[in-house]
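Chain naming here is simple, since letters A, B, ... match the order of the sequence lines and numbering starts at 1 in each.
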Amino acid sequence: MVFGLANPDRFMRFTRPLMPVVWAAAVGLLLAGTWLSFTAPEDYQQLDTVRIMFVHVPAAWLGLAAYVALGVSSFFALVFRHPLADAAARAAALPGAVFTALALATGSLWGKPMWGAWWVWDARLTSVVVLFLFYVAYMALRAAIDDEAKAARAAAVLGLVGLVNLPIVKFSVDWWNTLHQPASLLRAEGPSMTAAHLTPLLVMGLAYMMLFTALWLTDIRTEVRRRRVLTMRARAAQEA
Amino acid sequence: MSAGRVLLKRELSLAWGGGGGPLLACGFFLALTAIVPLAAGGDPRVLQPVAGGIAWIALALASLLSLERLFERDFEDGALDLLALGPLPLEAVFAVKALAQWLAIGLPLAVAAPVAAIALGADPGWAPLILGSALLGSLGFAFTGALGAALALGSKRGGLLIAVVVLPLFIPPVIFGAGALEQALTGLSPWPALALLGATPCSPWR
Amino acid sequence: MSAGRVLLKRELSLAWGGGGGPLLACGFFLALTAIVPLAAGGDPRVLQPVAGGIAWIALALASLLSLERLFERDFEDGALDLLALGPLPLEAVFAVKALAQWLAIGLPLAVAAPVAAIALGADPGWAPLILGSALLGSLGFAFTGALGAALALGSKRGGLLIAVVVLPLFIPPVIFGAGALEQALTGLSPWPALALLGATPCSPWR
Amino acid sequence: MLDLDMGAYAAFVWPAWGISALALAALVVRSVMAARRWKRELDRLEGGK
Amino acid sequence: MDIANGSHMIGRLCIDDLGLSRGERVLFHGLSVDLDAGEALALTGANGAGKTSLLRAIAGFIRPDAGAVRFSEGPGAEIEPETARARHIHLLGHLEGLKGARTAREELAFQTAWCGRGGIDSAVEALGLAPLLDLETRKLSAGQRRRLSLARLIAAPRALWLLDEPLAPLDARWRAVATQLMQDHLAGGGMVIAAVHDPLDLPCHTLDVGAAS
Amino acid sequence: MDIANGSHMIGRLCIDDLGLSRGERVLFHGLSVDLDAGEALALTGANGAGKTSLLRAIAGFIRPDAGAVRFSEGPGAEIEPETARARHIHLLGHLEGLKGARTAREELAFQTAWCGRGGIDSAVEALGLAPLLDLETRKLSAGQRRRLSLARLIAAPRALWLLDEPLAPLDARWRAVATQLMQDHLAGGGMVIAAVHDPLDLPCHTLDVGAAS
Ligand code: HEM
Ligand SMILES: Nc1ncnc2c1ncn2[C@@H]1O[C@H](COP(=O)(O)OP(=O)(O)OP(=O)(O)O)[C@@H](O)[C@H]1O
Ligand SMILES: Nc1ncnc2c1ncn2[C@@H]1O[C@H](COP(=O)(O)OP(=O)(O)OP(=O)(O)O)[C@@H](O)[C@H]1O
Ligand SMILES: [Mg+2]
Ligand SMILES: [Mg+2]
C-alpha cells in the first residue's frame, strides 16, 4: 500500500478526493478547539495563562512530528531514491519550521509570567532551538544547491542526521533537571491533567495535526505538479 | 559614479545569491548564541555580564566568515582582471565590495544582535544601544575585514590567514562597541565610545 | 591502504602549505582569546566561569573557518574528478581529508586550548582535562564539519552555509565536552561525558 | 462559558494566540497559492497539447 | 607502454542506447557505440552538443536518463562500473585539478601514486617536463600545465583515456608528441575517446555527438 | 562596429625594447613592435615562450624589466597607461571571470556596463547567445562560455583587444564568426593582439615570441 502510493500518479489519484476532507477537518477542528480553549475554566495554579498551553503544546508536538516526517521521508529518499519521498521531505520542512518557531515564541510568552524570564538556557529550550536550526539548515542547503538531484541527496543526509536531535528534545526534561514541565500527557502512567483542560488540548492537538496533514499533502501534490511542468517545458524546448 | 552603482548591484546580487544571504547570517548568529550557553553553562548570573560581549564576538566572527571569499574568488576565477580594466581604481572597487558585503550580511546581523544579547540575558532596554553599536561595529568589521581580505589575496591559506590579519584590526571596534555598552551599563555616557566606533570604518583610508 | 596514505600525505602537505597551517590556527586562537576579555570586560570573576567554555567555542569556530575550503576547492579546480577516479570510495576520501584537517589544524588548536583557558583564568590543574576534551572535541568537529562541508559542496553560498549546516552538528560535542569540564569542576567524574564526546567523531558513519 | 477576560495575563495570552493565528494563516495562504499556480500552469501546458 | 600488466583490463566498451540530459535540456538519446581494445574514437559536434557530458557520463559522473555504459575484459567478462572507474579510466578535462601551490613534481607524483603503481620518469621524459618539475604549478603556462596533466596518463597506465580537447593549448611540437603518445597507447591495447574540434591525426572512428538525436 | 564614438581612442601602440621575466626566468628582452589602428598582431611561439605574459604586460598587470608599452591617440598625442587600461583595453584570458551562479545575461550586462556604455543586443545576436541568456554560467559548455566572453568585446566597444587563444574552444562555425568579428573590429579602426597556436584567418602581422630572445 505504502509502496503502491510511491507511484506519483497513484498518489495523485488517491489523495485527490481526500484533500477537501482534510482541509475541512482542519478548519473545523481549529474552530472547535479555539472555542473549547476559551470556555475552559482557569487553572487554579496557572490562571488564564493556561490558555497559552492550547497553542504552545500542539505547536511543540507538531514541530517534533514534522521532523519525524522529514527524517523518515529523507531515509526513503536516500535508500529508494524515490522522487515522491524527496518531495515529502521537502514539503515537511517549512510547516515544521513554523510550528517549531511557534513553540518557541509561545513558550517564551508563557515563560515570562510563569518563570519570570522570557528565556532560560535549559536543555529543553536549547534543544528546541537546535531543532529549529536543523530546519533552517535543511532549507538553506536545499536552496543553495541548484542541481536538484544533488540538493535532494545532500538535504536527505542532513535530514537523517538531524533525527538524533529528536530524542534529546523529547527526553531532555527527564535527563537533565530543567525548569520546563516534564511530560504530563504522553507518559507511561497515563495523563495527569484534569479533563477540563485535557479536552481542549487534545482537540487543538488534533486540529494542528490535521492542518499539518493538509499542508503537507497539498505541498507534495504541488511538487508533483511542478516537476511535471518542468518536464513538459523541457520537452517543448526540445521539440522547438 | 555610475560604474560604482553597477558594481554595487552585482556585488549585492552575489552576496544575496539565491535569496539566502541575510537568512544564513541570522541562522549562523542564532546557532552561535545557542552554543554559548551550552559551552559556558546556562547560569544567568554567569551569562548576563558577558552577553553583550558575546553578541559582539559573534558579529565579528560572522563578518569574518563571510569575508574570506570576498576577493579570493575574484582572484582565482579571473574576474579581478576584468575589474582592474574598468573605470574605477582598485581601491574604489575594494570599498564598493566591502559596502555590498555590509549591506547584505552586516546589516541583518546587526539587527539580530540585540535579539541575541537579550536572549543571553541582557536588559531589553539596551536594545537600541546594542543595535546602534552593532550597526557601526559591523560597518567597521566590513571595511577592516575587506582590507585584510585584500591583503591576504593570492595567499594559499585563505580563511585563517584573513582571520589572523583581520582579528587585530577588529579589536578597536570591539573595544569601543563593547565599551559603549559597558559605560551605559555603569551609568556613564556611551557617546564618546560610540563616536570612536563610528570612526573605525574610515580606518583603512587613514 | 597505501592509497589512503598517499592521499593523507598530500592533504597534510596542502593543509600545512608553506609551513603556516598550525601557526595560523594558533594565531587565530590567541587573537580570539585576546578579544574576549576586551569585549566582556576584564573582570576575572566574570571571566573565570566561562573560560573553559570560551576556549571551546574558539575551537569550534577555528575548525569551522578552516573547513570551508576543504572540499570546495577540489570541486572547483577539478581535483575531485581525479579523486573520484581513484581506488578509494568517495566516503573514504572524505574521511582521510577530515583526518588530515584534524592533524594539521585541530591537533595544534587542542594543544593551544589549555593555554588559552588558563590565560582566561582557568585553574592550571585542569590543563590535562581540557587538553583531553579538546583533543576529542576537535576530532568531533573535524569529522562532523567535514560532513557539513561535503554536503554543502557545489552550493552557491560557501562559508556561511557550511556554518549553518555544521553548527547544529557541533552542538553535541560542545555539550559533552563542556559538560565534562563542568562535571570535573563540580567534583563529578568527567568520564561519561568524555566517552560520549569520543563517540561523536563516529557520528557521520552512523 | 466563553471567557475572554484574560486579566493580568492578557499581554501574554493574546500575543501567543495572535502570532499562532498569523503564522498558520501565512502557511495556508502560501501553500494554497503555490498549489493554484502550478495547477494552472500544468493545465495550461496539458491543454495546449 | 604495456598496459596489460594489470591483472585484467578493459578490452571492450559498449555504449548502449544512451540518453543524456543536463538540467532540463535533453542532449541526445539512443546513442550506441562499441569500442574495442586498440581503437580510438573522436567525438565531434557543435559547441554545447554534449561531448564533455558524454565523457563524464562514461566516467560515471553523470547518471544517464536511459541506456548504459558497459565495460568488459573480453567477450563475456564484464567489469563493474565501479571497478572500471577505480582502476581503468583516466579523465582529462578542461579543469586539470592541479593545486597552484604545489610543485609539478609533487602533483605528478601524487596523481601517479593515486591512479596506480608507476614511475614518473618515463612520463617526465616523454613530455619534456624535467626543467619544470620544481616550479609551482600556478607558474606554468597553459601548454605546460596540459603537458603535466598528460604525463599522468603515461605514468599511471590505465586502459581507457577520456580526453576533452587534449591538444588545444599545445604548440605544434607537443601536439605531435601527444598524438604519438596516443598512438602508442592504442598499439599497447588501450582505448582513447577524445572530444575534439580539429581532427585527430591518427586512425580513429568519429562520432558526431550533435547528430545523434 | 564604430569605436570612434569615444572622445578619444588608441590609434597606435608602441612596444619599445621590452624585457620581461617571470620569477627568475627571463622570457625575452629587446622586443619592439608598433601597431597602428586597424592592424592585427598574432603572437606565436612555443609553450612557455611568454605569449600570455606579454599580453598581461601590455594590459599593465606585469611590470616589465626594461622598456615600455606606450599608447597614443594619433601621432604625438600620448594616452596615459592608466587611462588606456580604464577605457581602451579588453583582455580575454583563459580564466574568463564568469560567476557560476549568475546567469549569462546578468554577467554580460554587468561586464558591458562595467567596461563602457553599450547595449548587449547586437552582441547577443552576433554570438548567438539568445537561447543561453537565462542559463547560469556554470552550466555553459566550454565553447558557450567563450562565446559569452567574446560578446563583451562587441557589447562594450574598446579599441585594443588582447586575446589569449580566443578560438581554441570554439567549433568551426563559431571560429568563422569570431574571425569575422575581429575583422569588423579592425575595419572600424580597432586593434587586435592575439596569442595563437593555429594561424589566424585574417591579414595580420606575426610575432614569434620565443624567437625574440
Ligand atoms: C521557549 C520556551 C519553551 C519551549 C521551547 C518549550 C518546548 C516544549 C516542547 C518541545 C514540548 C513538547 C514535549 C513533548 O512532547 O514531550 C513542550 C510541552 C509542554 N510545555 Fe513547553 N516549552 C517552552 C516553555 C514552556 C513554559 C513556560 C511552560 C509552562 C510553564 C511550558 C509548558 C509545557 C507543557 C505543560 C507541555 C506539555 C507537556 C506534556 O504534556 O507532554 N512550556 N514544550
Ligand atoms: N548542470 C547543467 N545544467 C543544465 N544544462 C547544462 C548543465 N551542464 C551543461 N549543460 C548544457 O548541456 C549542453 C552540453 O554541454 P557540454 O559541456 O557537454 O557540451 P560540449 O559538447 O562539451 O560543448 P563544447 O564544445 O562547447 O565544450 C550545453 O548546452 C550546456 O549548456
Ligand atoms: N609567476 C611566475 N613565476 C615564475 N615563472 C613563471 C610565472 N608565471 C609564468 N612563468 C613562466 O613563464 C613562462 C611564460 O609563461 P606564459 O604563460 O607567458 O607562456 P605562453 O607563451 O603563454 O605559453 P602557452 O603557449 O603554454 O600558453 C613559462 O615558462 C612559465 O613557466
Ligand atoms: Mg566541452
Ligand atoms: Mg599562454
Side-chain angles (χ1 to χ4, degrees), chain C residues 1-25 66-101 103-105 149-150 153-156, chain E residues 6-7 10 52 55-62 80-103 105-118 120 136-138 145-146 148-149 151-153 155-156 158-164:
Chain C
M1 278 315 289
S2 119
R5 251 214 320 278
V6 167
L7 183 61
L8 185 67
K9 216 177 101 196
R10 169 200 192 234
E11 292 300 322
L12 277 178
S13 111
L14 280 174
W16 283 64
L23 198 88
L24 279 172
S66 56
L67 273 173
E68 164 166 13
R69 315 221 111 200
L70 193 53
F71 301 111
E72 186 77 13
R73 275 212 162 156
D74 280 350
F75 179 73
E76 281 183 356
D77 70 9
L80 210 57
D81 286 352
L82 179 76
L83 294 179
L85 289 175
L88 295 187
L90 268 186
E91 290 76 22
V93 169
F94 285 180
V96 171
K97 285 179 85 82
L99 181 66
Q101 192 69 8
L103 286 175
I105 313 256
L153 205 63
S155 79
K156 316 175 240 198
Chain E
S7 51
I10 301 182
T52 302
L55 289 177
R56 293 183 68 81
I58 297 174
F61 293 154
I62 302 178
E80 288 292 299
E82 289 77 40
T83 319
R85 201 184 312 167
R87 303 224 200 120
H88 302 302
I89 297 182
H90 272 308
L91 172 68
L92 178 58
H94 300 289
L95 295 170
E96 287 155 323
L98 299 171
K99 298 289 172 191
R102 279 159 58 89
T103 64
R105 184 197 307 281
E106 286 171 333
E107 281 293 88
L108 182 56
F110 164 70
Q111 295 186 342
T112 309
W114 180 246
C115 292
R117 317 143 306 279
I120 67 168
E136 278 122 44
T137 63
R138 115 177 64 136
R145 288 175 72 88
R146 181 51 53 98
L148 180 59
S149 306
R152 164 179 102 227
L153 311 189
R158 290 185 160 202
L160 176 59
W161 291 3
L162 304 175
L163 311 176
D164 203 351

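- Interface check for chain C: of the options E:Glu96, E:Glu106, E:Arg56, the most heavy-atom pairs under 4.5 Å are formed by E:Arg56.
- In this structure, the side chains of E:Phe61 and C:Leu85 come closer than 4.5 Å at one or more pairs of heavy atoms.
- In this structure, no portion of E:Leu92 lies under 4.5 Å from any heavy atom of chain C.
- With chain C as the partner, the residue from E:Lys99, E:Arg152, E:Glu107 showing the most heavy-atom pairs under 4.5 Å is E:Lys99.
- If you measure heavy-atom distances from E:Glu82 to chain C, you find no contacts under 4.5 Å at all.
- Taking every heavy atom of both residues into account, E:Leu95 and C:Gly78 meet most closely at CB-CA, 4.0 Å.
- Separation of atoms CG (C:Leu83) and CH2 (E:Trp114) is listed at 5.5 Å; rounding is to 0.5 Å.
- Pairing each heavy atom of E:Arg102 with each of C:Ser13, the nearest pair is NH1-OG, 2.7 Å.
- For E:Arg85, the parts sitting under 4.5 Å from any heavy atom of chain C are the backbone and the side chain alike.
- By the 4.5 Å heavy-atom criterion applied to side chains, C:Leu82 and E:Phe110 are counted as neighbours.
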